[in-house]
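Below you'll find the structure, written out as structure tokens, and then a few comments.
None of these values were measured; they are calculated from a predicted model. Positions are given from 1 along the sequence.
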Amino acid sequence: MSMSKYLERSAKALKDNATKIYNAEFMNRQAEYTVAKVSQKADLDMWLKGSDRDIGGFSDAWLDITRAGHARFHGYLSQKLPEDTRFKRSGYAMVRTRDPQMTLLSTDYWDSSLYRYLAVRVKADRRKYFVNLKSDALVPTDIYQHLLPIRTPGQWETVVIPFNMFTLTSNSVIVASQPRMSSTKMETVGFSISDRQNGPFCLEFAWIKAFNSIWTHGETPRMPYSQDRTWRTDFVSMDKTF
């Protein structure tokens with residue numbers, strides 16, 4: 001990490017914080033926050049990819065840009081085990097945003113406690129994917145996961161998941177204690193696939209956002225849900241409003 005870039009990020013962070021204080025933004029909760037987006041090839045520099053090939057497996061994963069300017073996470077999963085006999089399972093691939101950068105003032109986390117939901121704009125095949133969130137934690141392998149519930153395979157759709165529905169896992173195993181996510185210090189977001197099927201996969205995505213509906217105010221609901229109105233009914237026209 002070069003010192004000049006480090007100081008440049010620090011100066012920008014100082015300016016942004018001063019602007020927020022001047023505009024009293026710390027008192028307001030925004031309707032939405034763009035966690036990540038891809039609209040051009042340069043945006044892929046903010047992402048990392050990996051697969052079991054990194055540990056001797058045989059799966060491949062690629063991340064590139066489509067002609068329409070969207071990210072395409074694709075590749076081939078293989079269940080063939082590595083030669084290393086310590087590994088009893090194989091066949092996974094993932095992409096995620098890079099770790100937050102440090103400045104003189106702080107680390108560049110994002111705060112999910114200001115929002116109730118995570119929304120992702122995706123086009124997926126019929127395979128099973130997970131959305132992954134990583135917050136500041138003592139255990140590096142701890143990741144909060146939720147199945148990506150695809151309704152219309154092969155078509156663009158907006159998928160919405162409440163933050164409080166993510167489950168803590170460690171090395172793909174659900175953690176029994178389920179401690180609360182460190183929501184004020186979110187580090188990375190991404191997607192993974194490990195559905196124990198050999199073959200190609202493809203997931204396109206355009207953006208990932210944290211947001212509030214008109215009924216929510218961060219972690220605090222403005223109005224309690226009822227039998228006739230649940231969090232799902234807030235987003236009947238989601239594909240039209242985003």
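More than 12 heavy atoms of other shown residues, nucleotides or ligands fall within 6.0 angstrom of atom CZ in Arg98. Within a 6.0 Å radius of CD in Glu83, no more than 12 heavy atoms belonging to other residues, nucleotides or ligands are found.
Between Tyr144 and Pro179, the closest heavy-atom pair is OH-O, 2.8 Å. Among all heavy-atom pairs drawn from Tyr117 and Phe163, the shortest one is O-CE1, 3.2 Å. For the pair Gly199 and Arg127, the tightest heavy-atom approach, listed with the atom from each and the gap, is O-NH1, 2.8 Å. Listed here is the closest heavy atom pair of Leu63 and Trp47: CD2-CB, 3.5 Å. The heavy-atom pair separating Met181 from Phe166 by the smallest distance is CE-CB, 4.1 Å. Of all heavy-atom pairs spanning Leu81 and Ser90, the tightest one is CD2-N, 3.8 Å.
Hydrophobic clustering, with ILVMFWY side chains joined whenever heavy atoms are under 4.5 angstrom apart, groups Ile65 together with Val122. Under the 4.5 Å side-chain contact rule for hydrophobic residues, Ile55 and Leu48 do not share a cluster. The hydrophobic clustering, which links ILVMFWY residues whose side-chain heavy atoms are closer than 4.5 Å, places Val120 and Ile150 together. In the hydrophobic clustering of ILVMFWY residues, with side-chain heavy atoms under 4.5 Å counting as a link, Ile193 and Val189 come out together. Cluster annotation: Val35 is connected to Leu114 through the hydrophobic network of ILVMFWY side chains, with a link wherever side-chain heavy atoms come within less than 4.5 Å.
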Checklist entry - Should Tyr115 and Tyr33 be marked as a side chain to side chain contact (heavy atoms under 4.5 Å, CB included) after you check the CA-CA gap, both sets of side-chain angles, and the distance that decides it? => result CA-CA 8 Å; Tyr115 308 93; Tyr33 169 75; 3.2 Å; yes
Item to check | Working for side chain to side chain contact (heavy atoms under 4.5 Å, CB included), residues Met46 and Thr97 | outcome: CA-CA 6 Å; Met46 301 303 297; Thr97 53; 5.8 Å; no
Next on the checklist: Could you walk me through whether Phe130 and His146 satisfy the side chain to side chain contact (heavy atoms under 4.5 Å, CB included) test, starting with their C-alpha distance in whole Å, then the side-chain angles of each, then the deciding distance to 0.1 Å, before giving a yes or no?
Outcome noted: CA-CA 6 Å; Phe130 283 88; His146 194 287; 5.8 Å; no
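Under the ring-ring contact (aromatic ring centres under 6.0 Å, His included) test applied with Phe205, the options Phe191, Trp156, Phe73 reduce to a single match, Phe191.
You'll find the side chain of Ser59 stays beyond 4.5 Å of the side chain of Arg53, heavy atoms only. A 4.5 Å side-chain heavy-atom check between Lys209 and Thr34 finds at least one atom pair inside the cut-off. Using a 4.5 Å cut-off on side-chain heavy atoms (C-beta onward), Ile143 and Leu168 make no contact. With a 4.5 Å cut-off on side-chain heavy atoms, Arg72 and Cys202 count as touching. Ile161 has its side chain within reach of Val159: a pair of non-hydrogen atoms, C-beta onward, lies under 4.5 Å apart. By the 4.5 Å heavy-atom criterion applied to side chains, His70 and Arg121 are not counted as neighbours. Residues Met186 and Leu133 form a side-chain contact, since some pair of their non-hydrogen atoms from C-beta on lies under 4.5 Å apart. Inter-residue side-chain proximity for Val38 and Trp207 is flagged as unmet; no heavy-atom pair is nearer than 4.5 Å.
Between the side chains of Ser192 and Asn132, at least one donor-acceptor pair of N or O atoms lies under 3.5 Å. Looking only at atom types and distance, the side chain of Thr167 has no donor-acceptor partner in the side chain of Gln145 under 3.5 Å away.
The main-chain N or O of Gly75 is never found under 3.5 Å from a side-chain atom of Asp60 such that the two would form a donor-acceptor pair. With hydrogens and angles disregarded, a donor-acceptor distance shorter than 3.5 Å links the side chain of Glu157 to the backbone of Thr152. Checked by atom type and distance alone, the side chain of Asp43 pairs as donor or acceptor with a backbone atom of Ser39 at under 3.5 Å.
Residues Arg86 and Asp84 are paired through a salt bridge, judged by an N-O separation under 4.0 Å between the basic side chain and the carboxylate. With respect to Lys128 and Asp125, no salt bridge is recorded, no charged nitrogen being found less than 4.0 Å from a carboxylate O.
Separating the CE atom in Met94 from the OG atom in Ser51 is a distance of 10.0 Å, to the nearest 0.5 Å.
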